[in-house]
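Please read the structure below before turning to the comments.
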Amino acid sequence: MVLQSTVEKAEKVVYFVRHGQSEDNISPVFQSTETNLSERGKEQADYIAKRISKLSFDKLVSSPLNRARQTAEKISKLTGKEIEFSDIFVERIKPTSINGKPHTDQESVKKWRLWEESITNRGQKVEDGENYSELLDRAKNALDYLHGLQEREIVAVTHGYFLRTIVALVLMGESISPETFSQFQKVAHTENTGLTALTYEGGFEQEPCWRLWVYNDHAHLAE
């Protein structure tokens, strides 16, 4: 009854799903944008699709990257909801030159470390990789996009790091900094096909805002 009450009073409810395990998740490489779901990832996608099918929702959006698209397709098939793909939900963008490179490639490792620094420092930029400011701006745009949709209950299939970025932004708001952001990413885990939910609502003497409701619920993987 408490959960239903939360849904009923919210102006907007967004169920975020991290994609299933990818082939590159279990390989010693810097994950490629083209990697597909592993066999385990396909099973996980089936589990979360079954779980999502029990929810009432109006719209299904997804990152177009293969691992997210394949997860969303499982949900679409079981729920009958058409997928709307949006680049705004892709994973943090690495320098293209290291995609798919093995962790033993020292040049790629060096570049990756520099890029990791750029994700948690203002101003630094490594090739075409996304940096701190760009990533936070995209997370803000994603929340604005979701709030602007006419549909009230939405399922969004995305990626681990970007999902944690959205959650960090909701929790810390204008007080977020490279230091607090880095710490959050370090200690906040997200499971493949974990379910995270945000609501947009007001409260007693409070302005409407995004609120964290559920974080990284992966009970469906215990089936």
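Every value quoted in this text rests on a predicted model; they were computed, and no experiment measured them. Computed from heavy atoms alone, side chains included, the values below leave out hydrogens, waters and symmetry copies.
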Quick one: do R69 and N66 satisfy side chain to side chain donor-acceptor pair (under 3.5 Å)? Show the steps, please. CA-CA 5 Å; R69 175 178 57 78; N66 286 354; 3.2 Å; yes
Are R122 and N131 packed together at the side-chain level, in the sense that at least one heavy-atom pair is separated by less than 4.5 angstrom? no
Would you mind checking if R51 and D217 are paired as a salt bridge, meaning a charged N to carboxylate O distance below 4.0 Å? yes
Find out whether S63 and F85 are in side-chain contact, i.e. whether some heavy atom of one side chain is under 4.5 Å from a heavy atom of the other. no
Looking at every heavy atom in both V90 and P64, which two are closest together, and how far apart are they? CG1-CD, 3.7 Å
Identified side-chain contact (heavy atoms from CB on, under 4.5 Å) counterpart of V17 within the set I48, L60, T196: I48
Verdict with supporting geometry, W210 and L169, side chain to side chain contact (heavy atoms under 4.5 Å, CB included): CA-CA 10 Å; W210 287 105; L169 185 61; over 6 Å; no
Closest heavy-atom pair, F16 versus L198, reported as atoms and distance to 0.1 Å, is CE1-CD1, 3.5 Å
Nearest 0.5 Å, what's the CD-NZ distance between E43 and K74? 9.0 Å
Can you label the angle between the H147 ring and the Y200 ring as parallel, tilted or perpendicular, going by 30° and 60°? tilted
Where is the tightest heavy-atom contact between K12 and R152, given as atom of each residue plus distance? CD-O, 3.3 Å
Side chain to side chain donor-acceptor pair (under 3.5 Å) assessment of Q185 paired with T165: CA-CA 8 Å; Q185 290 287 0; T165 300; 3.1 Å; yes
Here the pair of heavy atoms bringing L65 nearest to E91 is CD1-N, 4.0 Å
Which atom pair, heavy atoms only, marks the closest approach of A197 to Y15? CB-CD2, 4.0 Å
Could you tell me the separation between the CG atom of N25 and the OG1 atom of T35, rounded to the nearest 0.5 Å? 7.0 Å
In this structure, which one of Q70, E23, E73 forms a side-chain contact (heavy atoms from CB on, under 4.5 Å) with L37? Q70
d(F162 CZ, E130 CD) to nearest 0.5 Å is 7.5 Å
Could you verify whether a donor N or O on one side chain and an acceptor N or O on the other, from K111 and S97, lie under 3.5 Å apart? yes
Please determine, by modelled atom types, if H218 and T193 share a side-chain donor-acceptor pair under 3.5 angstrom. no
I83 CD1 to K81 NZ distance, which is reported to the nearest 0.5 Å: 12.5 Å
SB check E39 K42 (cutoff 4.0 Å): yes
Where do K59 and E82 land on the side chain to side chain contact (heavy atoms under 4.5 Å, CB included) test, with the steps shown first? CA-CA 8 Å; K59 190 177 187 68; E82 185 176 346; over 6 Å; no
Under a 4.0 Å threshold between the charged nitrogen and the carboxylate oxygen, would R113 count as salt-bridged to E116? no
Short side-chain to backbone donor-acceptor contact, E201 and C209, under 3.5 Å: no
